[in-house]
Amino acid sequence: MLVLLTSYLFPISYAFLLFPVAALLFTLPFLIVQYRRHGYIHKLRGALLYLFLLYLMNALFLVLLPLPASRHNAPPAAAAWVQWVPLRFVLDIARETGVVADRPSTYWHLLKERAFLQAVFNIFLTVPFGMFLRYYFRAGWRACLLASLGLSLFFEVTQVTGLYGYYDYPYRLFDIDDLLLNTTGGLLGFVAAEWLSSRLPRMDKLDDHLDLTGKRVSYTRRGVALTLDWMLLYPFLALFGAFRSPVAYLIAVFLYFIVLPYATNGRTFGKWVVRIRIAGSAPRLRLREIVLRNGPLYLLLGGLHALYISETFRQFPKIVIAFYAIGLFAVDVWVCLHLLTRLFSRSKKPFHDAIGGTTHIIT
């Protein structure tokens, strides 16, 4: 039992070690979906999704690890790579067991037998999956049955194909009993989730009585929108040679951050995705407001950087380039410190919103 437990702790430790990296990669899609679907981030909903990610990583690592030392691994010792006999694990338990039916004192021997512990592990592996499906995703029992079977089938196919051909030979057996036990575990989790649902808020009721118009637009949300905007805009800047001439940059930025928000009443692509917009003093955003807001930020400050990295600027005397770089660095430091102070102050606007007389609202 100790050896089996140790073999499980090895992949679990790797899952926890790599979880911060996976969570970092997961954060941007998570924020986009939550802002788009619900209009805000609920702490319980977010915590459960990250917990679900951690569970999936643990389940996957428990099934796949340890990996062979080389991709040119040796073929399995067993003649067959697939075990097609249902409930074979029952025969294995009966063959290995030291339990005597009419002697209850021998029942504890089951806790030392590999076949029994392996079967219990395969059941408990997917119990959390069924619980998440019912509580968070509000799935019915049929969907839980199919999803649990599909998850188990994914595990088994991944193993028997040697990570889909990466390894020369399968390094684990495809076992029909694993499909049965994993699916059973998912359904047991579905049943257990009824108890959990009675003690936690209902997921479909979290947004009841919520007034999005009264919620403040966080800087995290604005940062996600800005990230999406530049992910969309950057290929066009590269295509039109923005780093060779600042003129291309200024034209692209003027069209995207001035003309587009004015035409769409304060929206860019990124802001549309996370359901926010720039609002002025009237229901319709004025051209003067968007120019005063985005002009200093993207045209002036961004233009200064575009000029510095352009080939034309490299032709200036080195002393001019040096003083320009020092001045630009000082401006960047001031902007960063200014935005940091505004990040922790809800009552004060950043300089570009203050100049333009604008704010962000949730749509």
Q: Indicate if L54 and V33 have the same hydrophobic cluster label, given that clusters are the connected sets of ILVMFWY residues with side-chain heavy-atom separations under 4.5 angstrom.
A: no

Would you say [X]'s side chain and [Y]'s backbone share a donor-acceptor pair under 3.5 angstrom?
X: N122; Y: L181; value: no
X: R284; Y: Y262; value: yes
X: R221; Y: V274; value: yes
X: Q83; Y: V85; value: yes
X: N294; Y: I290; value: no
X: Y324; Y: L304; value: yes
X: R267; Y: W272; value: no
X: S152; Y: S148; value: no

Q: Give the C-alpha distance, both sets of side-chain angles, the deciding distance and a yes or no for side-chain hydrogen bond (donor to acceptor under 3.5 Å, both in side chains) between R277 and T268.
A: CA-CA 8 Å; R277 72 176 182 88; T268 59; over 6 Å; no

So [Y] and [X], do their side chains get closer than 4.5 Å, heavy atoms only?
X: Y50; Y: T27; answer: yes
X: F174; Y: W81; answer: no
X: V82; Y: L173; answer: no
X: R342; Y: K349; answer: no
X: E156; Y: R172; answer: no
X: V191; Y: L187; answer: no
X: V335; Y: L297; answer: no
X: L151; Y: F155; answer: yes

**Q.** Worked check of side chain to side chain contact (heavy atoms under 4.5 Å, CB included) between T183 and T126
**A.** CA-CA 7 Å; T183 305; T126 51; over 6 Å; no

Where [X] and [Y] come nearest, the two heavy atoms and their spacing:
X: A225; Y: K271; result: CB-N, 3.8 Å
X: Y171; Y: P66; result: CE1-O, 4.0 Å
X: I278; Y: H360; result: CG1-NE2, 3.9 Å
X: L125; Y: P128; result: O-CD, 3.9 Å
X: Q159; Y: V63; result: OE1-O, 2.8 Å
X: F190; Y: G140; result: CE1-C, 3.6 Å

By side-chain hydrogen bond (donor to acceptor under 3.5 Å, both in side chains) - contacts of [X] (at least two apart):
X: R288; answer: none
X: H352; answer: none
X: Y136; answer: none

**Q.** Check against ring pair (Phe, Tyr, Trp, His ring centres under 6.0 Å), F137 and F52
**A.** CA-CA 11 Å; F137 297 102; F52 185 54; 5.5 Å; yes

So, [X] versus [Y], ring centres under 6.0 angstrom or not?
X: Y256; Y: F269; answer: no
X: Y135; Y: W195; answer: no
X: Y35; Y: F30; answer: no

Please determine whether the number of non-hydrogen atoms from other residues, nucleotides or ligands lying under 6.0 Å from atom [atom1] of [X] exceeds 12.
X: F254; atom1: CZ; answer: no
X: F124; atom1: CZ; answer: no
X: Y219; atom1: OH; answer: yes
X: F329; atom1: CZ; answer: no

As an exercise, state the distance from [atom1] of [X] to [atom2] of [Y], rounded to the nearest 0.5 Å.
X: Y40; Y: I362; atom1: OH; atom2: CD1; value: 10.5 Å
X: R134; Y: S197; atom1: CZ; atom2: OG; value: 6.0 Å
X: W84; Y: D177; atom1: CH2; atom2: CG; value: 12.0 Å
X: L9; Y: F16; atom1: CG; atom2: CZ; value: 10.5 Å
X: L44; Y: M203; atom1: CG; atom2: CE; value: 5.5 Å
X: L343; Y: R222; atom1: CG; atom2: CZ; value: 10.5 Å

Q | Worked check of ring pair (Phe, Tyr, Trp, His ring centres under 6.0 Å) between F257 and Y298 | A | CA-CA 8 Å; F257 288 110; Y298 300 111; 3.9 Å; yes

Q) Given T264 and L285, is the side chain to side chain contact (heavy atoms under 4.5 Å, CB included) satisfied, shown in steps? A) CA-CA 9 Å; T264 59; L285 185 65; over 6 Å; no

Q: Could you label the plane-to-plane angle of the W334 and H338 rings as parallel, tilted or perpendicular, counting under 30° as parallel and over 60° as perpendicular?
A: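 The arrangement is parallel - the two ring planes meet at less than 30°.
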
Q. How are the rings of W230 and Y249 set to each other: parallel, tilted or perpendicular (split at 30° and 60°)?
A.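 Parallel: the ring planes of W230 and Y249 meet at under 30°.
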
Q: I would like to know whether F323 and I319 meet side chain to side chain contact (heavy atoms under 4.5 Å, CB included); could you show each step before the answer?
A: CA-CA 6 Å; F323 277 107; I319 187 65; 3.3 Å; yes

Q: Applying side chain to side chain contact (heavy atoms under 4.5 Å, CB included), run through Q34 and L49 and close with a yes or a no.
A: CA-CA 11 Å; Q34 295 300 304; L49 279 175; 3.5 Å; yes

Q | side-chain hydrogen bond (donor to acceptor under 3.5 Å, both in side chains) assessment of D168 paired with N73 | A | CA-CA 6 Å; D168 291 345; N73 59 325; over 6 Å; no

Q) So does D353 pair up with K348, basic N to acidic O under 4.0 Å? A) no

Q: Begin with the C-alpha distance, continue with both residues' side-chain angles, and end with the deciding distance and a verdict on side-chain hydrogen bond (donor to acceptor under 3.5 Å, both in side chains) for T161 and Y167.
A: CA-CA 8 Å; T161 57; Y167 293 101; over 6 Å; no

